[in-house]
Amino acid sequence: MNRTDFNGNLRAADEGKHVELVGWVANRRNLGSLLFIDLRDYSGIVQLVSSSPDSLPEIKNEYVIGVKGIVRKKEVPNKNLATGEIEVEITELRVINKSMPTPFIIADKSDALEETRLPYRYLDLRRPVLLNNLKTRAKIVKIWHEYLDSKGFIEVETPILNLSSPEGARDYLVPSRVHPGSFYALPQSPQLWKQLLMVGGIERYYQVAKCFRDEDLRADRQPEFTQLDLEVSFMSQDEILSLQEGFLARIFKEIVGYDVQLPLRRMKYWDAMDIYGSDKPDTRYGLTLVDITEIMKKSTFEGFAEAKYIKAIVVPNMASQTSRKNVDEVVAEGKKFKLKGVTALKYLNNTLEGSFTKFLNEEIIAELIKKLNLSDNDLVLFSSSSSRRDIDFGLGAIRTMYAKKLELIKKGTYDLLWVIDFPMFDLVDEEKGIYAAEHHPFTRPRDEDLHLLDTNPEEVLAYAYDIIINGYEAGGGTLRIYDHDTQWKIFKLLGLSDEDVERKFGWFINAFNYGAPPHGGIAFGLDRLAMILVGSDNIKDVEAFPKNLQASDPMSKAPTPVDQDQLDVLNIQVKQES
RNA sequence: GGACCAUUGGUGUAGCGGCCUAACAUGCUUCCCUGUCACGGAAGAGACCACGAGUUCGAAUCUCGUAUGGUCCGCCA
């Protein structure tokens, strides 16, 4: 069989053409002495027809077959198929390989659960939707290459076997045979290498970088994933952002036909938190957070004594249809984010209703109505906390919950923005004064905030930026510290001892003593970009062979115990479970 | 480490104390059908209702435990 065409490419213009096709039997419709076969290959599906099915060998679904035939125009086209105007009249058909009945139906509309599909991922991949997802993913990577090549960037591969530095995510470790008892770590990101490339004068580096993090999984998080990684010297933050906007505009235009308005909006971290209760806000819908601390402090409610922050969100037109059970759901969502309680008030017939109103006098109620700009049938949800972070994240989660519940987000719409001006640090232990890096410890503090490093580290903002798309953190980056002493100081603030810094990062920051250029970069999560562009909310839909939530591969069953021989060579002893 | 939800023929679901000798759809097998494209029609096979204890006269159904899976919190510098 000499394939002449791909099935999905045949059109009316091919009428009369003698073709040889191969592919999988997607479906058969047998009308007695007339047989239709949907033949699928990676380009699509074309209908085959035979008026003498008895002369053909036995054909079942998912058989691999080859056919010779003639393209014929159909009298009644099938509008659901790209090849719907034509069909191929079979003159010869050969079974190339048989198939057992598949454990689930191979079609986009397959209703099989992920649990059923993953052990047969190779069958799942035959579903056109999954194939298209992988095509989209490949297209993003192709544009990434083209775009950065056109800007003079060069691709450099960085090591997979690295020094372990368990700050941040947990490392995947790889035992060394040559050095018994010693371990490499798989890269969580190429961070240090790309910075050293800058010191090495490469100036413009990029990579499609596989990264590994041994942390628990989520619908949008896999233990191994791919970053579109980039680092550049002598560019300002604005230059880096606008460089990347060019890339984003291209992938959105070429893949989903969406014109991204440039430059993208830039939202300050604290504004995002205050208004949307998130550092990765989806701004396609409202339900914004409103600060009502001043007003509520005047209430007689004793529970507000320790509350530093009291904020509310208004859900329009939901008051009358909100039940006690609905409110309980909201309270439960708030609890996940450490909110002790969330209270509901209903604005009905120009009256604010709810048991909480007993703590409010008329003046306060009037102020609330004005501040929240209430309309009839509005539902008000509010909470209080002594922590700015808790109140924002808590109400932010409730905001997201209502957006999903009320289906406020239109499919196929996009929302891109930068969140900038992140704080350098997050105070994790107030008593001991221990800070954690909000982005990572190589992030450069803003010049105008440097003087606060010694006195008020929590107020220091950084040259850090995240690209937020539809409420997902699709990428992020920073300008980096390129000065030895500043980097040392940051490590100390993060609670590392001199010895720690020297041992873990000495080899790295020593490079800054030899003329390190100002530099910065960014990394996009390829998986998340692909996920957003194909309109999925599950990262498994855009990876060929994903792991399940237990971080195992349901098909190969990895990870598994290994033979004692293998362990002996590595000088490893596995602890017996007690 | 924690919370919640789910587990019923190959697949996806319904049934939620007795009408269950478990229903529906689809897939599979056999037969009929020359214009289907989610083809249609007829017949048939296929399930110890995840596992283990318990409650009850009686359990797919209620309770507890275990396992598996999913979603989330923690975690992801």
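In this text the structure is predicted, and so the values were computed from the model without any measurement. All chains are named by letter (A, B, ...) in the order of the sequence lines, taking the proteins before the strands, and each is independently numbered beginning at 1.
For the pair Ala219(A) and Gly84(A), nearest-nucleotide mapping onto RNA chain B gives the more 5' position to Gly84(A).
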Could you walk me through whether Tyr42(A) and Phe6(A) pass the ring-ring contact (aromatic ring centres under 6.0 Å, His included) test, one step at a time? CA-CA 8 Å; Tyr42(A) 94 132; Phe6(A) 292 103; 5.7 Å; yes

How far apart are the C-alpha atoms of Phe508(A) and Phe442(A), what are their side-chain angles, what is the distance that settles it, and do they pass the ring-ring contact (aromatic ring centres under 6.0 Å, His included) test? CA-CA 11 Å; Phe508(A) 171 68; Phe442(A) 315 107; 5.3 Å; yes

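Side-chain atoms of Gln47(A) lie closest to rC37(B) of the nucleotides rC37(B), rG10(B), rG70(B). Of all nucleotides listed (rG12(B), rG70(B), rG35(B)), rG12(B) comes nearest to the side chain of Leu113(A). The side chain of Asn27(A) lies closest to rA38(B), out of rU68(B), rC75(B), rA38(B). With rU34(B), rG69(B), rC75(B) as the choices, the nucleotide that has an atom nearest any side-chain atom of Glu115(A) turns out to be rG69(B). Counting only heavy atoms from C-beta on, Arg218(A) has its side chain closest to rC73(B) among rC73(B), rU36(B), rA38(B). For Glu215(A), the side-chain atoms get nearest to rC75(B) when compared with the rest of rU26(B), rG70(B), rC75(B). With distances taken from any side-chain atom of Leu34(A) to the nucleotides rG70(B), rU34(B), rU29(B), the minimum falls on rU34(B). Of all nucleotides listed (rG35(B), rG10(B), rU71(B)), rG10(B) comes nearest to the side chain of Pro103(A). Among rC75(B), rG27(B), rG12(B), the nucleotide with an atom closest to any side-chain atom of Ile105(A) is rG27(B). Proximity note for Asn30(A) (side chain, C-beta onward) versus rU34(B), rC33(B), rU36(B): the nearest is rC33(B).
A sub-4.0 Å separation between OP1 or OP2 of rU36(B) and a side-chain N or O of Arg29(A) is absent. Listed pair Thr116(A) / rG12(B) meets the phosphate criterion, a side-chain N or O lying under 4.0 Å from OP1 or OP2. Between Gln222(A) and the phosphate of rC76(B), there is no side-chain N or O to OP1/OP2 separation shorter than 4.0 Å. Between Asn538(A) and the phosphate of rG70(B), there is no side-chain N or O to OP1/OP2 separation shorter than 4.0 Å.
Within 3.5 Å, no donor on the side chain of Lys338(A) pairs with an acceptor on the base of rC73(B), nor the reverse. Contact annotation: side chain of Arg213(A) to base of rC76(B), donor-acceptor pair absent below 3.5 Å. For Gln550(A) and rG70(B), a side-chain-to-base donor-acceptor distance below 3.5 Å is absent, hydrogens and geometry of angles not being considered. For Asp216(A) and rG74(B), a side-chain-to-base donor-acceptor distance below 3.5 Å is present, hydrogens and geometry of angles not being considered.
Counting any heavy atom pair closer than 4.0 Å across all strands shown, Lys79(A) reaches no nucleic acid atom. The residue Lys335(A) sits apart from the nucleic acid: no heavy atom pair falls under 4.0 Å. Nucleic acid contact for Ala436(A): none, since no nucleic acid atom lies under 4.0 Å from a heavy atom of the residue. Residue contacts for Val76(A): at a heavy-atom cut-off of 4.0 Å it reaches a base atom on one of the strands shown.
Ring geometry for Phe212(A) against Tyr172(A) counts as perpendicular: the plane angle is over 60°, on a 0 to 90° scale with 30° as the lower cut. The aromatic rings of Trp488(A) and His484(A) sit parallel to each other, their planes meeting at less than 30°, with 60° as the upper class boundary.
With rounding to whole Å, Asn78(A) atom CG is found 11 Å from rU36(B) atom P. With rounding to whole Å, Phe104(A) atom CZ is found 18 Å from rA25(B) atom C1'. With rounding to whole Å, Lys336(A) atom NZ is found 8 Å from rC72(B) atom P. Computed from coordinates, the Leu549(A) CG to rC76(B) P distance equals 18 Å when rounded to whole Å. Whole-Å rounding puts the Tyr472(A) OH to rC76(B) C1' distance at 16 Å. Following rounding to the nearest Å, Arg28(A) (CZ) and rG27(B) (C1') show an atom-to-atom distance of 10 Å. The separation between Glu333(A) atom CD and rC73(B) atom P is 8 Å, rounded to whole Å. The CG-P distance, from Asn7(A) to rC37(B), rounds to 21 Å in whole Å.
Nucleotides rC16(B) and rC49(B), compared at atom C1', are 12 Å apart to the nearest Å. The same atom, P, is picked in rU21(B) and in rA67(B); the two are 32 Å apart, to the nearest Å. Only the P atoms considered, rA45(B) is 44 Å distant from rC4(B), to the nearest whole Å. rA60(B) and rG9(B): their C1' atoms are spaced 14 Å apart (whole Å). Comparing the C1' positions of rC57(B) and rG17(B) gives an interatomic distance of 12 Å, to the nearest angstrom. Comparing rA59(B) with rA53(B), their P atoms are spaced 14 Å from each other, to the whole Å. As rounded to the nearest Å, rU61(B) and rG18(B) have P atoms that lie 11 Å from one another. Comparing the P positions of rC51(B) and rC72(B) gives an interatomic distance of 29 Å, to the nearest angstrom.
The partner of rU68(B) is rA6(B), by the rule that a Watson-Crick or G-U pair needs both atom distances under 3.5 Å. In this structure, rC62(B) and rG54(B) make a Watson-Crick or G-U wobble pair, each of the two defining distances being under 3.5 angstrom. Here rA23(B) sits opposite rU13(B) as a Watson-Crick or G-U wobble pair (both hydrogen-bonding atom distances under 3.5 Å). Under the Watson-Crick or G-U wobble criterion, with both distances below 3.5 Å, rC33(B) has no partner in any strand shown. Using N1 to N3 plus N6-O4 or O6-N4 for Watson-Crick, or N1-O2 and O6-N3 for G-U wobble, each under 3.5 Å, rA38(B) pairs with nothing. Remark: rC28(B) base-pairs with rG44(B); criterion is Watson-Crick or G-U wobble with both hydrogen-bond distances under 3.5 Å. Base pairing of rC49(B): no nucleotide in any strand meets the Watson-Crick or G-U wobble criterion (both distances under 3.5 Å).
Figure legend: Arg528(A) and Phe225(A) shown without cation-pi pairing, the cationic atom not lying both under 6.0 angstrom from the six-membered ring centre and within 45 degrees of its axis.
Inter-residue side-chain proximity for Ser189(A) and Asp229(A) is flagged as unmet; no heavy-atom pair is nearer than 4.5 Å. Counting heavy atoms from C-beta outward, Tyr269(A) and Glu438(A) have side chains that approach closer than 4.5 Å.
A salt bridge does not link Asp527(A) with Arg221(A): none of the charged nitrogens is closer than 4.0 Å to a carboxylate oxygen. A salt bridge is absent between Arg444(A) and Asp483(A): the closest approach of a Lys/Arg side-chain nitrogen to an acidic carboxylate oxygen does not fall below 4.0 angstrom. By the 4.0 Å N-to-carboxylate-O rule, Lys489(A) lies close enough to Asp454(A) to be salt-bridged with it.
By the stacking rule of 5.5 Å between ring centres and under 30° between planes, Phe36(A) stacks on the base of rU36(B).
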